[in-house]
Structures are given as structure tokens and as C-alpha cells.
Asker: 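Encoded as C-alpha cells, here's the structure I'll be asking about.
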Amino acid sequence: MAAHAARLQIDRRIGPLRELIETQRVGESTGLAFGMSSGLGATAWPLGALAVAITAAWAVGASSGLPLGGVLGALTALMTISASAPYLLALSTFEAVADSARGVSALVAQAEDVQRRTARLDETGLSASTASQAYLIVTGGLTAALAASALPMLFTKGLASVDLLSPAVAMSGALGLATVLVYAGSAARAGTRGARGVAQEVERQLRGFPRERGRPQIPPDYTPSYRNCVELTARAALHRMMAPVAAGLAAPLALGVALHLIFRHHYATLPAQALAAFVVVAALTGMAAALALHATKSTLSAARRFVRRSGPARDFDAAIASDAVADVLGNAAGPAAHLLTKAIAVVALVVAPFIAQ
């Protein structure tokens, strides 16, 4: 259901796409603002459906009378949800293949029929990727959140619940929220720096060509150098993200150790509660942020695909600019938030036995 709800974002009949195209005619900033507002609103249906399903599964498991029956019910629901993962994983790769086919056809084939077919294929790939990525985000976030339910099993000091009214526990959850958002922002910042470096490199390579109306006139036999562009993007993806990755993974470790050293004599269960709150809030934040950014990217990308070059140049330029921003948000910040939540859950499960003593 979450996947189908995400796909409705790019439906021209009932989604916000038609209004977005009209808004982009006003300017680039208004179109981008409308796309981001649509992305933020798109988190309601997937999270609402997930909340109903997991709560019902938890209630059924708890009513069985089995030890940790609620957790067992939630895990059973997660296994059921994950059953369609192989199909949707295959479906998520379709957009990359379709997008590459359209790019190659633009270079080697100028026939109108070929361009029309590849454009249609590209639109189908976007629809498939929108649904599959939403499913993967929800499944990953749910897995990370349920990992916090396993933390009480690793503690032997009678942890039965998490007291969110405790300042230390509540602020630990807030720290999990901040960790995910800071890491997502770092990924987006690295993406913009990489794009800026590539743009400067392209400008350097085209500097010697004559210009007409501000655009360089490139000879048909000119072969650009891609090596520097690849090195720039690789440097932005690896070197600039090493420190944020280390900080994100060290956050639950530092939190657990610090609270264990401070409260182990007077509040033995507080480190466990704080660590569980950190993981749960981080998982929910990462899931919501990834869904919102993915919906923003899908909506703006669909608008760019539906605005043809045959229309006014201003509309096409606004769609291209909004799509470029959406690519940074949806391809960098969104996946970063999604992946960090699962990494945080793994680190918390590794750290928990050492601070449970």
C-alpha cells in the first residue's frame, strides 16, 4: 500500500503533478517550493498504513499470551512485508536502465519514433522506481525501529519500558533525530560540491570554443575528457563523506558508553532506555525524511519529463532547474538518511551487551 501511495504522487489525474506543472510556469523557486511541500505531505499515507499494520500485528501477538508476543507479531508482519522484496528490488533497477536507454538513443538515434518510445520507457521506469523505492524505505525504517525492540533482551537489569518523560531518555531520542538530519544534510552538501566541481570542469573544457547567445559552439568531432569529472565525483562521494559517516556511527556508541559511566550506579536501566529511544527516533526520522525527499524527487522528475521542449523555453528551464535540486535531495540526502538508520540500529545492537553489565 505504501508503494502504491507513493506512485500516486506522479499520477497526472489525481496527484499534484498537474498543479506543479502550472506552478513552474511562474518560476523555478515556486515550482521547487510546491514540489517540496508535496513531498512532505506524501509521508502521511505510507506511515499511516504502516502504523495500522504494525499496531494490529503487535496487538494480535500480545493477545496470544506468548513471551514477547507483541514483538513476535511485529516481526511476523515484517517478514510478510519483506516477502515481495525480491520483485521490488528488481523493479527498482528498471529506472536506471530506462534512463540510460533514453540517453543513448538521444546520442545515436534521432528518429522521432525512437525518441517517443524511449521517452515512454523512461516514464514507466520512473513510475516503477517511485513505488519500489518507497517500499524499500518503509521496510528499512521498520527493520531499524524493530531492532530497538531487541535491546531489552540484551540487558539483564529488568528493562521493561522506555520512560520518555525522563530528560536523559527524551534528549537521547532528540539526539537520534539530529544525527540523521545532520548526516542527510552532509550528503546533500557533498552532492552540491561535487556538482559545482563538475560544472567548473565542464566550463574549463569548453572555454576555448566560440559562443553564440551564451552557449559554446562545440564541433561535432570534439571528444570531451571524462576522467577529471569522474575523479571529482568520486572524491565528493568518498572523501567528503568519511567524517560524517564516522560521526553518525560513533553517536550511539558514545551515547551508550557515556550514559553507562554516568548512571550505572543509580539508574541501571537508563542507558538501555536512552539507547532504545535513540534508535527508534532515528529510525522514524530517517524513514520520514527519506520518504519526503523521495516523493519530492519523484514529483519534480515527473514534471520535467512531462514538460517537452516544444513548449515555452521558460517552462522547460524551470523544470530542469527544479529537477536538478530534486536529484541532490532524492539521490543523496534521502538515501543517506535511510541507510544511516539501519547502521545506527546495528551499532546499537553491538554496543548494548557491553553496557548491559
Side-chain angles (χ1 to χ4, degrees), residues 1-7 9 39-40 42-55 57-58 71 74-96 128-151 173 176-177 179-188 241 244-245 248-249 251-252 275-298 329-350:
M1 184 175 180
H4 287 294
R7 190 173 57 83
Q9 281 290 114
L40 292 173
T43 59
W45 281 105
L47 293 182
L50 181 65
V52 172
I54 295 302
T55 302
W58 186 283
V71 177
L75 290 177
T76 303
L78 176 61
M79 293 174 62
T80 304
I81 295 173
S82 303
S84 55
Y87 168 73
L88 287 167
L89 281 172
L91 196 63
S92 65
T93 63
F94 183 56
E95 182 188 17
S129 176
T130 299
S132 59
Q133 290 298 324
Y135 163 83
L136 295 175
I137 290 170
V138 169
T139 305
L142 179 59
T143 303
L146 289 179
S149 302
L151 290 175
L177 182 150
T179 300
V180 172
L181 294 182
V182 168
Y183 181 71
S186 300
M241 288 303 298
V245 168
L249 296 180
L275 197 59
F278 183 95
V279 175
V280 170
V281 176
L284 296 178
T285 302
M287 182 165 53
L291 283 173
L293 294 173
H294 172 65
T296 300
K297 172 187 176 296
S298 299
L329 297 178
N331 295 332
H338 174 217
L339 294 175
L340 183 65
T341 58
K342 293 188 283 189
I344 284 176
V346 172
V347 172
L349 291 174
V350 173

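Positions are given from 1 along the sequence.
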Asker: Closest heavy-atom contact between Leu40 and Thr43?
Answerer: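 That closest heavy-atom pairing would be O-OG1, 2.9 Å.
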Asker: Output every pair passing salt bridge (Lys or Arg N to Asp or Glu O under 4.0 Å) with a member in residues 275-298, not counting sequence neighbours, ordered by first then second residue.
Answerer: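 Salt bridge (Lys or Arg N to Asp or Glu O under 4.0 Å) check on residues 275-298 returns Glu95-Lys297.
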Asker: Is the shortest side-chain heavy-atom distance between Pro252 and Leu275 below 4.5 Å?
Answerer: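 Touching, per the 4.5 Å side-chain cut-off.
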Asker: Could you pull out all residues at least two apart from Pro335 that satisfy side chain to side chain contact (heavy atoms under 4.5 Å, CB included)?
Answerer: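 For Pro335, no residue satisfies side chain to side chain contact (heavy atoms under 4.5 Å, CB included) once neighbours in sequence are set aside.
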Asker: Which heavy atom of Ala74 sits nearest to which heavy atom of Trp58, and what is that distance?
Answerer: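 For Ala74 versus Trp58, the nearest heavy atoms are CB-CE3, 3.9 Å.
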Asker: For the backbone of Leu136 and the side chain of Thr139, can you confirm whether one donor and one acceptor N or O come within less than 3.5 Å of each other?
Answerer: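 Judged by distance alone, no pair lies under 3.5 Å.
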Asker: Return the set of residues passing side chain to side chain contact (heavy atoms under 4.5 Å, CB included) with Leu142 (not counting sequence neighbours), or none when no residue passes.
Answerer: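 Per chain and number, Leu142 pairs via side chain to side chain contact (heavy atoms under 4.5 Å, CB included) with Leu50, Ile54, Leu78, Ile81, Leu146.
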Asker: Looking only at heavy atoms, which two atoms of Val347 and Leu249 are closest? And how far apart?
Answerer: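 Looking at all heavy atoms of both residues, the shortest contact is CG1-O, 3.6 Å.
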Asker: Can you name the residues that form a side chain to side chain contact (heavy atoms under 4.5 Å, CB included) with Ala57, not counting sequence neighbours?
Answerer: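 By the side chain to side chain contact (heavy atoms under 4.5 Å, CB included) rule, Ala57 matches Ala77.
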Asker: Quick one: CG on Leu339 to CD1 on Ile344, what's the gap to the nearest 0.5 Å?
Answerer: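 Between atom CG of Leu339 and atom CD1 of Ile344 there are 11.5 Å.
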Asker: Determine the minimum heavy-atom distance between Ala282 and Thr341, stating which atoms define it.
Answerer: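 For Ala282 and Thr341, the tightest heavy-atom pair comes out as O-CG2, 3.1 Å.
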Asker: Looking at Thr296 and Gly39, what are the two nearest heavy atoms and their distance?
Answerer: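 Minimum heavy-atom separation between Thr296 and Gly39: OG1-CA, 3.4 Å.
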Asker: Holding to side chain to side chain contact (heavy atoms under 4.5 Å, CB included), I want the full list of residues that pass it with Ile137, two or more places apart in sequence or in another chain.
Answerer: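 So Ile137 forms a side chain to side chain contact (heavy atoms under 4.5 Å, CB included) with Met287, Ala290, Leu291, His294, His338.
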Asker: Please give me the minimum heavy-atom distance between Ala333 and Leu293, naming the atom from each residue.
Answerer: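 Where Ala333 meets Leu293 most closely, the heavy atoms are CB-CD1, 3.6 Å.
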